[in-house]
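All values below were derived from every heavy atom in this structure, side-chain atoms included, with hydrogens, water molecules and symmetry-related copies excluded. In what follows, chains carry the letters A, B, and so on, assigned in the order in which the sequence lines appear, proteins first and then strands, with residues in each chain numbered from 1. All of these numbers come straight from a predicted model, not from anything done at the bench.
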Amino acid sequence: MCGRYTQTQSPERVATQFDLSAVPELSPRYNIAPTQGIPIVRETDAGRDLQMVHWGLIPSWAKDPKMGARMINARAETAAEKPSFRTAMRRRRCLVVADGFYEWQRTAKGKQPFFFYVPDTEGRRSPIAFAGLWETWESAKGEVIPSATILTTAANNRVQPVHDRMPVILPAEHYARWLDPDCQQSAKVTDLLQPFPTDQMATFAVSTAVNNPRQDQPELLEAIALN
DNA sequence: CCAGACGTTGTT
DNA sequence: GTCTGG
DNA sequence: CCAGACGTTGTT
DNA sequence: GTCTGG
């Protein structure tokens, strides 16, 4: 699955990577946790739009926005059918801006976190996009909360030793198809929801400091040796 | 008809 | 154990 | 995802 | 909102 991730790329780099019409305001995040604000990219009439939204999709019909707390991920295999996700799957697809994610390995000794990313030719973290869905919720008082969820798929061979699910990472050449608001048939985009190629990903173990969502500093991304 | 659910994960 | 908050 | 709370009363 | 269960 994907319950914690990073976005440490500069606003300029993000604007270039996603063809944004304006450079956004973004600060580096080393430990993004559910319910926090996350940057998503949508296709609008005015071009590619970056928005901060609540992580945890709140269905428009939810009586209580707390419902979003359990909707941080949607299974790619079933999102087109699930009542909470299917409308968004048809009409409100987005890219979740990131450059890595964490998964926890359960062992007899406890849980060990690992960081996963897509290195460039010099081994640096590349900007990546998770396939996402977004929604707007409005309270009786007129309070509006935009929110989003991250689609998950089967783990590739890089992730499998740690966990059996991973976020869907979209290659840049597929951004336009995934975002296309004129394509309202989810069946026409489900072929994009594949595990990212194993060979293009890298991983290392990290400190359990990342467990605490209040931690958010570069040191979280230092590789540690396992005993 | 109305009431109640609507999700993923992991663990057992 | 289970729910809420980050 | 993990961390942290989980309750009522009365008083300040 | 929309579907399922009673």
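Using a 4.0 Å cut-off between charged nitrogen and carboxylate oxygen, A/Glu81 and A/Arg86 do not count as a salt-bridge pair. Looking at A/Asp191 and A/Arg177, a side-chain N of the basic residue comes within less than 4.0 Å of a carboxylate O on the acidic one, giving a salt bridge. Between A/Glu143 and A/Lys141 there is no salt bridge, since none of the side-chain N atoms of the basic residue sits less than 4.0 Å from a carboxylate O of the acidic one.
In this structure, the CE atom of A/Met71 is 13 Å from the P atom of C/dT4, given to the nearest Å. Spacing between atom NZ of A/Lys66 and atom C1' of C/dT2 amounts to 14 Å, rounded to whole angstrom units. Across the protein-nucleic acid pair, A/Ile150 atom CD1 and D/dC1 atom P stand 13 Å apart, rounded to whole Å. Atom CG of A/Leu133 is separated from atom C1' of B/dT8 by 14 Å (rounded to the nearest Å). In this structure, A/Asp164 atom CG and D/dC1 atom P are separated by 11 Å, rounded to whole Å. Per the geometry, CD1 belonging to A/Ile58 stands 18 Å off P belonging to B/dC6, to the nearest Å. Between A/Gln112 atom CD and D/dC1 atom P there is a gap of 16 Å when expressed in whole angstrom units. Regarding A/Glu81, its CD atom lies at a distance of 14 Å from the C1' atom of B/dC6, rounded to whole Å.
Between B/dT9 and C/dT2, the distance separating the two C1' atoms is 14 Å to the nearest Å. Straight-line distance between the P atoms of B/dT11 and D/dA3: roughly 15 Å, to the nearest whole Å. The gap from the C1' atom of B/dT8 to that of D/dC2 amounts to 15 Å, rounded to the nearest Å. Comparing D/dC1 with B/dT12, their P atoms sit 14 Å apart, to the nearest whole Å. Atom name C1', nucleotides B/dG4 and C/dG6: the rounded distance is 30 Å, in whole Å.
Close to D/dG4, at under 4.0 Å from its OP1 or OP2, lies a side-chain N or O of A/Arg214. Contact annotation: A/Asn212 does not reach the phosphate of D/dC2 (side-chain N/O to OP1 or OP2, under 4.0 Å). Residue A/Arg86 has no polar side-chain atom (N or O) positioned under 4.0 Å from OP1 or OP2 of B/dC6. Taking only side-chain nitrogens and oxygens, A/Arg4 never comes nearer than 4.0 Å to OP1 or OP2 of D/dA3. A sub-4.0 Å separation between OP1 or OP2 of C/dT4 and a side-chain N or O of A/Thr35 is absent. Proximity of A/Lys111 to the phosphate of D/dC1: no side-chain N or O atom is located under 4.0 Å from OP1 or OP2.
Distance from the side chain of A/Arg106 is smallest to B/dT11 among C/dG6, B/dT11, D/dG4. Checking B/dC6, B/dT8, D/dC1 against every side-chain atom of A/Trp61, the shortest atom distance belongs to B/dC6. Distances from the side chain of A/Ile72 to the nucleotides D/dC2, D/dC1, B/dC6 place D/dC1 closest. The side chain of A/Gln36 lies closest to C/dG6 when the candidates are C/dG6, D/dC2, B/dT8. With D/dC2, B/dT8, C/dG6 as the candidates, the nucleotide lying closest to the side chain of A/Pro34 is C/dG6.
Residue A/Ala33 is in base contact, counting any heavy-atom pair closer than 4.0 Å across all strands shown. Using a 4.0 Å heavy-atom cutoff across all strands shown, A/Thr78 reaches sugar-phosphate atoms only and no base atom. Residue contacts for A/Thr208: at a heavy-atom cut-off of 4.0 Å it reaches no nucleic acid atom on any strand shown.
Taking the six-membered ring for Trp and the full ring otherwise, the centers of A/Tyr175 and A/Phe18 sit less than 6.0 Å from each other. Side-chain rings of A/Tyr117 and A/Phe204 approach one another, their centers coming within less than 6.0 Å.
Using the Watson-Crick or G-U wobble rule with both distances under 3.5 Å, D/dA3 pairs with C/dT4.
Annotation: cation-pi geometry not satisfied between A/Arg93 and A/Trp134 (NZ/CZ under 6.0 angstrom from ring centroid, within 45° of ring axis).
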### Message
Under the criterion side chain to side chain contact (heavy atoms under 4.5 Å, CB included), I'd like the reasoning laid out for A/Ile40 against A/Leu95: C-alpha separation, chi angles, the key distance, then a yes or no.
### Response
CA-CA 5 Å; A/Ile40 66 167; A/Leu95 303 175; over 6 Å; no
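Per the stacking criterion (ring centres < 5.5 Å, plane angle < 30°), A/Tyr102 does not stack onto the base of D/dC1.
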